[in-house]
Amino acid sequence: MKEGPDIAAIAALIGDPGRANMLSALMSGKALTATELAFEAGITAQTASAHLAKLEAGGLLAREKQGRHRYFRLLDEDVAHVLEALMGLAAKRGKLRSRTGPRDPELRHARVCYQHLAGEMGVQMYDSLRGRGFLDVGGDGLNLTGAGQDMLVGIGIDIAGLGGQRGPLCRECLDWSARRSHLAGSLGRALLRHVYGQGWAKQVDGSRIVRFSARGKVAFGGVFGVA
C-alpha cells in the first residue's frame, strides 16, 4: 500500500457516468434536488439517491435542507477546480460527449464555472487583469497587486470583505474550452456577481450559459479590455 493521498478513491467517485453527469450539472453553482440531478444524469431517482450518498460520504457534495426539500451542491471550489481541469483534459484528448448545436458556442463564449465566469469572456477578464498588472504570479500563487486592488475598489468590489471568506482570494482555473486560465477564488465569484449586478449578463435558466447583452459586452470590454 502506497502512502499519501488516495487519488483512486476520488477518481472512482467521479468516474461513474451517472455521478459525473450529476457533478457536471452542479458546476452551474446552483443547488439541485435529487430529482433534478436524476434527470440531468438520465437515471432513476433510486439510483440517483445511491450515487448522491456516495458523493456526499466521499466529501464531494454537501446537502442542504429547506422545508421538505433536500438540495445538493458541490462541497467547495476545490471540487469545482478539479472537475474543470478534468473537463479540459477530456476535451484535449478528444473525449467529448456534448451534442452539437447552438448551445455549444454559447457555452464556449461565456458560462458559469461553479460560481465564477468561464469561457472566452472569463479568459478575457483574466488576461486583462494580468496584462495590466492587476494580478501577478508569485511563489505563493496568484496575487492581487496594489494597483489591482485600487482598480477593483474603483468599480465597486469590496476587496476588504473578500479577505475574510473561505479559500483563496485569487486562483487560476484552467478553462476546458479555451485551454487557458480564467479567474477563480473569492475575487472571481465577486466579479461574476458584479457582472450580474451591472446588468451586463444573466445566467440562462437550467444551463451554465452566461448570456451577455450587446450593451453588456461593450461595458464589459470597457472595464476588462485586454492591454
Side-chain angles (χ1 to χ4, degrees), residues 27-30 74 76-78 80-81 83-85 87-88 102-138 140-227:
M27 287 289 283
S28 68
K30 295 181 179 179
L74 299 183
D76 53 30
E77 196 169 81
D78 288 338
H81 186 65
L83 293 173
E84 184 78 1
M87 290 174 184
R103 283 196 166 195
D104 293 336
E106 283 197 283
L107 278 170
R108 293 175 181 276
H109 182 64
R111 67 180 180 278
V112 175
C113 176
Y114 192 43
Q115 295 172 347
H116 53 266
L117 183 64
E120 294 163 2
M121 299 295 271
V123 170
Q124 177 181 326
M125 182 168 68
Y126 176 81
D127 286 348
S128 174
L129 294 171
R130 283 294 309 274
R132 294 154 69 192
F134 297 150
L135 293 173
D136 65 11
V137 178
D140 55 348
L142 191 64
N143 298 295
L144 180 66
T145 65
Q149 181 167 327
D150 292 342
M151 175 268 184
L152 293 169
V153 169
I155 66 170
I157 304 297
D158 180 13
I159 298 297
L162 297 179
Q165 293 188 16
R166 181 181 177 185
L169 176 67
C170 307
R171 170 189 268 178
E172 289 182 290
C173 186
L174 180 63
D175 196 283
W176 70 258
S177 56
R179 320 284 173 82
R180 292 163 59 195
S181 294
H182 59 246
L183 180 64
S186 58
L187 179 57
R189 296 193 295 271
L191 285 170
L192 181 57
R193 291 195 299 269
H194 181 75
V195 166
Y196 292 152
Q198 295 297 306
W200 298 344
K202 61 181 181 179
Q203 186 175 347
V204 176
D205 288 342
S207 170
R208 294 176 64 190
I209 293 169
V210 175
R211 187 171 291 157
F212 280 76
S213 66
R215 181 190 69 82
K217 286 183 180 180
V218 173
F220 182 90
V223 177
F224 300 110
V226 178

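You'll find the side chain of Phe134 stays beyond 4.5 Å of the side chain of Leu152, heavy atoms only. Looking only at side-chain heavy atoms (C-beta outward), Glu172 and Tyr126 come within less than 4.5 Å of each other. Using a 4.5 Å heavy-atom cutoff, the side chains of Leu135 and Asn143 are not in contact. Counting heavy atoms from C-beta on, the side chains of Val210 and Met121 never come closer than 4.5 Å. Counting only heavy atoms from C-beta outward, the side chains of Leu187 and Ile159 approach each other to under 4.5 Å.
Among all heavy-atom pairs drawn from Ser177 and Gly119, the shortest one is OG-CA, 4.2 Å. When all heavy atoms of Cys113 and Ala118 are compared, the pair lying nearest together is CB-CB, 3.6 Å. When all heavy atoms of Ala184 and His116 are compared, the pair lying nearest together is CB-CE1, 3.4 Å. Residues Gly216 and Ser213 come closest through the heavy atom pair N-OG, 2.8 Å. Taking both residues in full, the closest heavy atoms of Arg215 and Gly199 are given as NH2-O, 3.3 Å, listed atom of the first, atom of the second, then distance. Here the shortest heavy-atom pairing between Asp136 and Arg130 reads CA-NE, 4.1 Å.
A donor-acceptor pair under 3.5 Å links the side-chain atoms of Gln124 to the main chain of Phe224, judged by distance alone. When atom types are taken as modelled, the side chain of Arg208 and the backbone of Val112 share a donor-acceptor pair closer than 3.5 angstrom. Using a distance-only test at 3.5 Å, with no hydrogens or angles considered, no donor-acceptor pair links the side chain of Arg132 to the main chain of Ala147. Glu77 places a side-chain N or O within 3.5 Å of a backbone atom of Gly185 that can act as its donor or acceptor partner. Judged by distance alone, the side chain of Ser181 and the main-chain N or O of Leu174 form no donor-acceptor pair under 3.5 Å. One N or O on the side chain of Tyr114 and one on the backbone of Leu74 form a donor-acceptor pair closer than 3.5 Å.
Arg211 contributes atom CZ, which lies 10.5 Å from atom NZ of Lys217 (distance to the nearest 0.5 angstrom). Here CD1 of Ile209 is found 4.5 Å from CG of Leu107. Values are rounded to the nearest 0.5 Å. We find the SG-CG distance between Cys173 and Leu142 to be 11.5 Å, quoted to the nearest 0.5 Å. Here NZ of Lys30 is found 9.0 Å from OG of Ser207. Values are rounded to the nearest 0.5 Å. With rounding to the nearest 0.5 angstrom, the CE atom of Met151 is 6.0 Å from the CG atom of Leu129. In this structure, CG on Leu162 lies 8.5 Å from CG on Leu191, to the nearest 0.5 angstrom.
Note on Asp175 versus Arg108: no salt bridge recorded, every NZ/NE/NH1/NH2 to OD/OE distance being 4.0 Å or above. Arg171 and Glu84 are not joined by a salt bridge, as no carboxylate oxygen comes within less than 4.0 angstrom of a charged side-chain nitrogen.
Taking the six-membered ring where tryptophan is involved, the planes of Phe212 and His109 are perpendicular, since the angle between them exceeds 60° and thus also 30°.
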